Every structure is written in structure tokens, then in C-alpha cells.
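Source: prediction; values computed, not measured.
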Amino acid sequence: VQLQASGGGLVQAGGSLRLSCAASGRTFSSYVMGWFRQAPGKEREFVAAISQSGGRQYYADSVKGRFTISRDNAKNMAVLQVNSLKPEDTAVYYCAASPVLATSTGLYGYWGQGTLVTVSS
């Protein structure tokens, strides 16, 4: 599966963005979709994941209550709605696909190119 992330941008603290991940291929619904982020000088970290059917979602503690992950299998699309943004949310955000529900980057075999989110204070 090929992934393409979009929707990043520059936003003030407290603002919102909608990050999208478009997938190609007919097997999208068989993959867990995850979002990760990598800030300058830091390791890539887990943000959120959603099960194949969309019935289960998992979030990093740092984004719980502010970010919402969803998917539309008919449109081969995963979305990360990011609200109440903070300067520390500044990072390149990546979408990724895995056969299992996981928070580890090593279990995701397919990655999008990333989209930059910059939050100004």
C-alpha cells in the first residue's frame, strides 16, 4: 500500500488542523493505520492508531483529548484531526500502515512522506 499524507501547515497555539492520509491499493481495510510524528532532533514517536474496522483507537497520552483519528475504508483515507495545538506539537507527521495494532514504529511497514505541522506561540 502506498500512502500520502497532507494537511499540515502553520497554525497558532490553540488552533486546529486536519491531517489526511490517502492510500492506494485495494487492501487498505486490512491494515491498521497509525500516525507518528518527529520533531527536530528527536526520535519518531507514536501519536495515534486505529484498527482495521475503525472500532478501536489508541492515543499517546500527550495527545489524548485533543487529537482524533478516524478512517474511511470506502475512500481509502485516514484522518487525524488535531485540535488545541501546542508549540510542542510542532513536528513532521507521518501516516503509516501495519498488519497489527501497535505503537512501535518497527511494526509499521508502509509510510507516507510526512506533512509538517508548525505551531506558533
Side-chain angles (χ1 to χ4, degrees):
V1 60
Q2 292 183 320
L3 306 174
Q4 184 168 358
S6 61
L10 173 63
V11 63
Q12 290 187 333
S16 299
L17 287 171
R18 183 177 184 270
L19 307 183
S20 297
C21 180
S24 63
R26 292 177 290 180
T27 60
F28 175 75
S29 61
S30 67
Y31 290 98
V32 167
M33 293 303 297
W35 285 92
F36 293 77
R37 67 186 182 186
Q38 187 165 18
K42 296 188 177 181
E43 293 186 352
R44 193 169 298 188
E45 65 175 3
F46 171 77
V47 174
I50 188 166
S51 62
Q52 289 90 334
S53 68
R56 290 181 291 166
Q57 303 90 38
Y58 292 89
Y59 299 92
D61 289 342
S62 58
V63 306
K64 280 181 182 176
R66 300 188 298 121
F67 291 12
T68 302
I69 189 171
S70 62
R71 67 188 297 160
D72 185 335
N73 286 340
K75 296 182 178 179
N76 281 10
M77 184 76 70
V79 171
L80 185 69
Q81 179 68 39
V82 297
N83 299 327
S84 302
L85 283 162
K86 305 175 182 179
E88 52 263 42
D89 293 319
T90 295
V92 177
Y93 284 71
Y94 299 88
C95 60
S98 169
V100 298
L101 194 57
T103 61
S104 171
T105 57
L107 294 177
Y108 286 78
Y110 302 94
W111 292 84
Q113 84 287 2
T115 185
L116 177 62
V117 172
T118 303
V119 185
S120 63
S121 57

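- Checked by atom type and distance alone, the side chain of T90 pairs as donor or acceptor with a backbone atom of V119 at under 3.5 Å.
- Taking the side chain as every heavy atom from C-beta outward, R71 and F28 approach each other to under 4.5 Å.
- With a 4.5 Å cut-off on side-chain heavy atoms, T105 and E43 do not count as touching.
- At least one side-chain heavy atom of S16 sits less than 4.5 Å from a side-chain heavy atom of Q81.
- The closest side-chain heavy-atom distance from F67 to N83 is not below 4.5 Å.
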Please lay out, stage by stage, how D89 and V82 fare under the test side chain to side chain contact (heavy atoms under 4.5 Å, CB included). CA-CA 9 Å; D89 293 319; V82 297; over 6 Å; no

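- With rounding to the nearest 0.5 Å, the separation of CE in M77 from SG in C95 is 10.0 Å.
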Go through the steps to decide whether T118 and V11 satisfy the test side chain to side chain contact (heavy atoms under 4.5 Å, CB included), and finish with yes or no. CA-CA 6 Å; T118 303; V11 63; over 6 Å; no

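- Here the closest non-hydrogen pair linking S20 and V79 is OG-CG2, 4.2 Å.
- A distance of 9.5 Å separates CE in M33 from CG in N76, rounded to the nearest 0.5 Å.
- When every heavy atom of C21 is checked against every heavy atom of W35, the shortest pair comes out as CB-CZ2, 3.7 Å.
- The two atoms that bring N73 and S53 nearest to each other are ND2-CA, 4.5 Å, heavy atoms only.
- A donor-acceptor contact shorter than 3.5 Å is absent between the side chain of Y108 and the backbone of V100.
- Between K64 and D61 there is a salt bridge, since a side-chain N of the basic residue sits under 4.0 Å from a carboxylate O of the acidic one.
- The shortest side-chain heavy-atom distance between K86 and R66 falls under the 4.5 Å cut-off.
- Within the 3.5 Å criterion, the main-chain N or O of R56 finds a donor-acceptor partner in the side chain of S51.
- For Y93 and F36, the ring centers sit 6.0 Å or farther from each other.
- A cation-pi arrangement is not found for R37 relative to Y94, the charged atom failing to lie both closer than 6.0 Å to the ring centre and inside a 45° cone about the ring normal.
- Not a single donor-acceptor pair under 3.5 Å links the side chain of Q12 to the backbone N or O of S121.
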May I have the step-by-step check of side chain to side chain contact (heavy atoms under 4.5 Å, CB included) for L17 and V117, ending in yes or no? CA-CA 9 Å; L17 287 171; V117 172; 3.9 Å; yes

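- At a threshold of 4.5 Å between non-hydrogen side-chain atoms, the residues W111 and L3 do not count as touching.
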Full working for side chain to side chain contact (heavy atoms under 4.5 Å, CB included) between Q4 and Q113: CA-CA 6 Å; Q4 184 168 358; Q113 84 287 2; 3.8 Å; yes

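- Between V32 and I50, the closest side-chain pair of non-hydrogen atoms is not below 4.5 Å.
- Note that CG of L107 and CZ of F46 are 11.5 Å apart. Values are rounded to the nearest 0.5 Å.
- Using a 4.5 Å heavy-atom threshold, the side chains of Y59 and T68 count as touching.
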